[in-house]
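Note that the coordinates shown come from a computational prediction; the quantities given were computed from them, not determined experimentally.
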Amino acid sequence: MNPLALTIFLLSLAIGTTITLSSYHWLLAWVGLEINTLAIIPLMTKIPHPRAIEAATKYFLTQAAASALLLFSSLINAWQTGEWNIDSISHLPMNALSIALMMKLGLAPLHFWMPEVLQGISLSTGLILSTWQKIAPMTLLLQTSHLINLDLTIILGLTSILVGGWGGIGQTQLRKIMAFSSIGHLGWMIVVLKFNPSLTLFNFIFYVIMTASMFFSLMTISATKMSEISASWSKTPTLTTSTLLILLSLAGLPPLTGFAPKLLISLELVKQNATLLAALIMLASLLALFFYLRLTYVVSLTLPPNSPNSLSSWRTSTKTLPITAIVNTLALILLPITPTLLIFL
């Protein structure tokens, strides 16, 4: 892609998210979300392949439907209350608005676009879609968390954790696995949204770091299928080891970074007398744990035949290596400084 065009699209993504983050008016928030959607579509189609065009079309249609529902909800609210402020919204439009934002995030059962879109685009665009594109709708949900319907968040959160686990089990494509992983993690965030919004923000920050590190690792070893990641050990043993640990971190195993959000959310739910809900989401997470462990098994304990052991066969993308090293480190060792991060939140 032309560097000038790429710069314009990336700047548009940044501007769209900034507009939504700094807005107090529903119309401005909607404009920011629309800029975000329109800026990523050319990035999706930078490789002119039928799958990429199909992914961009699916993404545009679902995001347009969610944006229309968001605008309709805010119009109904303005008609009822006479105000456009994000804080002042009545109960009926709030439910529709929450569903619109959750559709933008890709929460189950509004998740069907997410795996298909992520599978049809490149890893670099998939990274933007899985991390940056979720910042604006998540911020709007956090701003309206005190008005959101508790039953809606619990049902959609629990469904997302189940779907994220079940959907990922049968996959061999790494991008689809990352899509279902994203759905599962978002489920954890939404479950605790009404109880403690700062924990949702904390979980979201950790999710962005871990997902970014996983995508950067896959970009560095140029792997999109499970068979390709199994052959990565002979190419880059060091990076493959860190990828293995990131997968365990995404699974939420101690003493890695991903354990902190799951522990704190479970403790918060128990503190709020929602022990049954905490038990259900932990049991549902075992499904996701299975496919993460299966991936770590494929990465570390399987080796394809005729694998060369010479150093000359080590091939990596050196462009992403420095940033991969930084985010991988963050994705593995943030657990000890969790109390410090919670003070700032």
With side-chain contact (heavy atoms from CB on, under 4.5 Å) as the criterion, how do Gln80 and Ile76 come out once you've worked through the C-alpha distance, each side chain's angles and the decisive distance to 0.1 Å? CA-CA 6 Å; Gln80 284 185 347; Ile76 294 288; 4.2 Å; yes

Using only atom types and a distance under 3.5 Å, with no angle test, would you say the side chain of Asn149 pairs donor to acceptor with the backbone of Asp151? yes

Testing the basics here: between Ala274 and Phe195, what is the closest heavy-atom pair and its distance to 0.1 Å? CB-CZ, 4.5 Å

To the nearest 0.5 Å, how far apart are CD1 in Ile89 and CD in Gln143? 11.5 Å

Determine whether the side chains of Glu116 and Tyr59 contain a donor N or O and an acceptor N or O closer than 3.5 Å. no

Got a donor-acceptor contact below 3.5 angstrom from the Ser249 side chain to the Gly258 backbone? yes

Starting from Leu253, can I reach Leu267 by hopping between I/L/V/M/F/W/Y residues whose side chains sit under 4.5 Å apart? no

Are any non-hydrogen side-chain atoms of Pro137 and Leu101 less than 4.5 angstrom apart? yes

Rounded to the nearest 0.5 Å, how far does CE of Met138 lie from OG1 of Thr20? 14.0 Å

Shortest non-hydrogen contact between His111 and Phe180, atoms and distance: CD2-CE2, 4.4 Å

Thr257 side chain to Leu330 main-chain N or O, any donor-acceptor pair under 3.5 Å? yes

Classify the side-chain pair Ser285/Trp188 by whether it contains a donor and acceptor separated by less than 3.5 Å. yes

Closest contact, heavy atoms only, Ile53 versus Thr57: O-OG1, 2.7 Å

Residues Asn77 and Glu83: closest non-hydrogen pair is ND2-O, 3.5 Å

Leu174 and side chain to side chain contact (heavy atoms under 4.5 Å, CB included): which partner among Leu295, Leu123, Leu118? Leu295

Is His185 reaching over with its side chain to a backbone N or O of Leu250, donor-acceptor style, under 3.5 angstrom? yes

Less than 4.5 Å apart, any side-chain heavy atom of Asn203 and any of Lys262? no

Can you tell me if Thr131 and Tyr207 form a side-chain donor-acceptor pair at under 3.5 Å? no

Decide yes or no for Ile41 and Phe9: does some side-chain heavy atom of the first lie under 4.5 Å from some side-chain heavy atom of the second? no

Between Phe202 and Thr338, does a side-chain contact (heavy atoms from CB on, under 4.5 Å) hold up when you go through it step by step? CA-CA 9 Å; Phe202 172 76; Thr338 296; 3.3 Å; yes

Report yes or no: do Ile86 and Leu21 belong to one cluster of Ile/Leu/Val/Met/Phe/Trp/Tyr joined by side chain heavy-atom distances under 4.5 Å? yes

side-chain contact (heavy atoms from CB on, under 4.5 Å) for Leu10 and Ile128? Distances and angles first, verdict last. CA-CA 10 Å; Leu10 291 174; Ile128 297 169; 4.1 Å; yes

Would you kindly say whether Ser67 and Lys104 are connected by a side-chain donor-acceptor distance under 3.5 Å? yes

Distance col, row Phe290:CZ vs Ile169:CD1, nearest 0.5 angstrom, shows 6.0 Å

Taking a hydrophobic cluster as the set of Ile, Leu, Val, Met, Phe, Trp and Tyr residues connected by side-chain heavy atoms closer than 4.5 Å, whether directly or through intermediates, do Trp26 and Tyr24 fall within one such cluster? no

Thr324 and Ser217: CA distance, side-chain angles, deciding distance, side-chain hydrogen bond (donor to acceptor under 3.5 Å, both in side chains) verdict: CA-CA 6 Å; Thr324 305; Ser217 297; 5.8 Å; no

Side chains of Asn36 and Thr17: is there a donor and an acceptor less than 3.5 Å apart? yes

I'd like to know if the side chain of Thr200 and the backbone of Met189 have a donor-acceptor N/O pair within less than 3.5 Å. yes

Do Leu141 and Ile205 share a hydrophobic cluster (ILVMFWY, side-chain heavy atoms under 4.5 Å, transitive)? yes

Enter the distance from Ser181:OG to Gln171:CD here, rounded to the nearest 0.5 Å. 12.5 Å

As an exercise, state the distance from CG of Leu147 to CG of Asn95, rounded to the nearest 0.5 Å. 10.5 Å

Linked, directly or transitively: Ile8 and Leu6 (ILVMFWY side chains, under 4.5 Å): no

Okay, side chain of Ser222, backbone of Leu218: is any donor-acceptor separation there less than 3.5 Å? no

Within a strict 4.5 Å, meaning less than it, do heavy atoms of the Leu27 and Leu71 side chains meet? yes

Which pair of non-hydrogen atoms, one from Leu142 and one from Pro197, has the smallest distance, and what is that distance? CD2-O, 3.3 Å

Can you confirm whether the side chains of Ser122 and Thr125 place a donor and an acceptor under 3.5 Å from each other? yes

Taking C-beta and beyond as the side chain, do Leu152 and Ser98 meet within less than 4.5 Å on heavy atoms? yes

Within-4.5 Å side-chain heavy-atom neighbours: Thr329 and Ser213: no

Side-chain heavy-atom pair Leu13, Leu43 within 4.5 angstrom cut-off: yes

Side chain to side chain, Leu256 and Ile246, heavy atoms closer than 4.5 Å: no

Side-chain donor-acceptor contact under 3.5 Å, Thr211 with Ser130: no

Just do the side-chain contact (heavy atoms from CB on, under 4.5 Å) check on Gln133 and Leu105 with the steps written out, would you? CA-CA 8 Å; Gln133 288 296 89; Leu105 285 168; over 6 Å; no

Which pair of non-hydrogen atoms, one from Pro255 and one from Leu335, has the smallest distance, and what is that distance? O-CD2, 3.3 Å

Could you check whether any side-chain N or O of Lys194 sits under 3.5 Å from a backbone N or O of Thr153, counting only pairs where one atom can act as donor and the other as acceptor? no

Does one side chain, of Lys46 or Ser124, offer a donor that lies under 3.5 Å from an acceptor on the other? yes

CE on Met103 to CZ on Phe112, rounded to 0.5 Å: 11.0 Å

Examine distances only and state if a side-chain atom of Arg175 and a backbone atom of Pro115 form a donor-acceptor pair shorter than 3.5 Å. no

When the ring planes of Trp84 and His25 are compared, do they come out parallel, tilted or perpendicular, using 30° and 60° as the limits? parallel

From Leu70, Ile19, Ile35, residue fulfilling side chain to side chain contact (heavy atoms under 4.5 Å, CB included) relative to Trp30: Leu70

